[in-house]
Amino acid sequence: MPEDNSALVSGGHLVAKALKAEGVEVVYTLCGGHIIDIYDGCADEGIQLVDVRHEQVAAHAADAYARLTGRPGCAVVTAGPGTTDAVTGVANAFRAESPMLLIGGQGAHTQYKMGSLQDLPHVDMMSPITKFAATVPDTARVADMVSMAFRECWHGAPGPSFLEIPRDVLDAKVPAEQARVPQAGRYRASTRQAGDPDAVQRLADLLVAAERPAVLLGGQVWTTRATGPARDLVRALDVPAYMNGAGRGTLPPGDPHHFQLSRRHAFRRADLIVVVGTPFDFRMGYGKRLSPEATVVQIDLDYRTVGKNRDVDLGIVGSADLVLAAVVQAAGRRPAEPAARKAWLEELRQVEEEALAKRAPLLRSDAVPIHPYRLVHEINEFLTDDSLFIGDGGDIVTFSGQVVQPRRPGHWMDPGPLGTLGVGVPFVLAAKQARPESEVVALFGDGAFSLTGWDFETLVRYDLPFVGVVGNNSSMNQIRYGQRAKYGPERERLGNTLGDVPYDAFARMLGGHGEEVRDPAELRPALERARASGKPSLINVWIDPDAYAPGTMNQTMYK
């Protein structure tokens, strides 16, 4: 008699059941023979498979999906080169503190150390750039280990996990009763911490007493969905706020506590600086940009980040949403010196206005080739309250960071501190699937777009319209500036000059909307036409190759 397989379940189907228990709705993938049973399982569990053209794109999209939804993203890739292609995306998620799971194939256990197809030591390679990396040893353990990997994604500051599943483990079937399948909501605990109550009270007292406080709202403000408590704190205690990374948009433009261009001045003059959810890394000058006389407070999900590279007067380990809400409650009163606080806010606003006035001629420049400031100004003016902005590049994104202001939280995306080029197209892919009704506006450097640009076809194939702009100076201009600064003009173009590529034609070739802009007066009409096209779009904007962002010129590696 034929064997009854009705009570058996395969490893691939156990993967899918565990993904469903975690709330994963989309899996980004590039196919391979080692992993196809996962596809079969996802089809049965109603999980969408999005097939891309490069595994780096799959990993970046999983990273972006996690940032946007607050749920872990997932990418599935085959063994060997499939997994190594995804390394960059995992590394980017690691530095950006983004919770995602990468599942990689592996040769069969029965062929261990025999030189099977695409066999590599994946776990050894992934361990330094993940919070958890392991091999699934047995089919009955598949779902259990997927749930274990997800638990580790949320331990401390979030981050990626990696599992490799040998082909025979994935394809084999076991009796359903032998497999532990995690039940949704029952296999991991909340990791949110409210911080030491005594430290919270001390911070509240410091904020009330300070004459010149400033707060920096970093990426963890968005990660922990702390927008409400952050707004409550700066408004209740009358504190000027600066935002970086995913923290941008916490306060809308025009808010009296929203500051952007006076940060260097504020950090030199403040008597109290509160840094929320961002490390003292290169973006902060490793802490050296903060006044040595200021009282410095750092709030972070990860105890290892607090006090790293710079001493702090007070460190609080906890989730920004709970900590900031507790500080507001503990303060319970307005600043002790309202006149001094008012004068401080007026001082910073004056610095902001002077900086903006100095830059205004470039924001409205009619120069040809187009000045990058004019391009990013037009993009900023074009954004709606619901436009999600994605930056992918070096110098051009540095320009945008000074000008583009998202109107709402969760509406700014950039690579994060790893500085990875090529995130733009996969970030657009995830954004349009996580928020299908939102407009996505992406700004690419021409070098950055080239790295993953072929997945523009994926956006066309899945009918995911967005407004894309390529700032085209035919160069890796951030590096070009550094070479000029260090070695002189005769060697400024070694290894960084690109061809004059018509990216608008590339977009049209793949079925999208594309057009070229050389006249700054045509920028806004071109953006409007891209919006109206209802297609994935690329506006190829020829920008001045000899204009560099101040942030590029100030980078310490070039000095």
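For the single chain, residues carry numbers from 1 onward in sequence order.
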query: Mind checking whether Trp412 and Phe389 have parallel, tilted or perpendicular rings, split at 30° and 60°?
result: tilted

Side chains of [X] and [Y], donor plus acceptor under 3.5 Å:
X	Y	value
His411	Asp385	no
Glu97	Gln220	yes
Glu152	Ser161	no
Gln433	Tyr462	no
His13	Asp44	yes
Asp321	Ser319	yes

NZ/NE/NH1/NH2 to OD/OE distance under 4.0 Å, [X] and [Y]:
X	Y	value
Arg67	Asp63	yes
Arg188	Glu22	yes
Asp37	Arg167	no
Glu45	Lys17	yes
Arg141	Asp144	yes

task: Kindly compute the distance separating CD1 (Ile165) from OG1 (Thr135), expressed to the nearest 0.5 Å.
output: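 The CD1 atom of Ile165 sits 10.0 Å away from the OG1 atom of Thr135.
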
message: Working to the nearest 0.5 angstrom, can you tell me the gap between Ile479 CD1 and Asp395 CG?
response: 10.0 Å

Heavy-atom donor-acceptor pair, [X] side chain to [Y] backbone, under 3.5 Å:
X	Y	answer
Lys131	Pro99	no
Lys308	Tyr286	no
Trp154	Ala189	no
Thr250	Ala230	no
Thr452	Val57	no
Asp392	Phe444	no
Asp85	Glu55	no

query: Does the gap between the ring centers of Phe506 and Trp454 come in under 6.0 Å?
result: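 Between Trp454 and Phe506, which both carry aromatic rings, the centre distance is below 6.0 Å.
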
- prompt: Do the ring centers of Phe449 and Tyr503 come within less than 6.0 Å of each other?
  reply: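 Between Tyr503 and Phe449, which both carry aromatic rings, the centre distance is below 6.0 Å.
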
More than 12 heavy atoms of other groups within 6.0 Å of Leu120 CG: yes

field: CG/Asp311: more than 12 non-hydrogen atoms of other groups inside 6.0 Å
entry: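 Atom CG in Asp311 is not crowded, with 12 or fewer foreign heavy atoms closer than 6.0 Å.
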
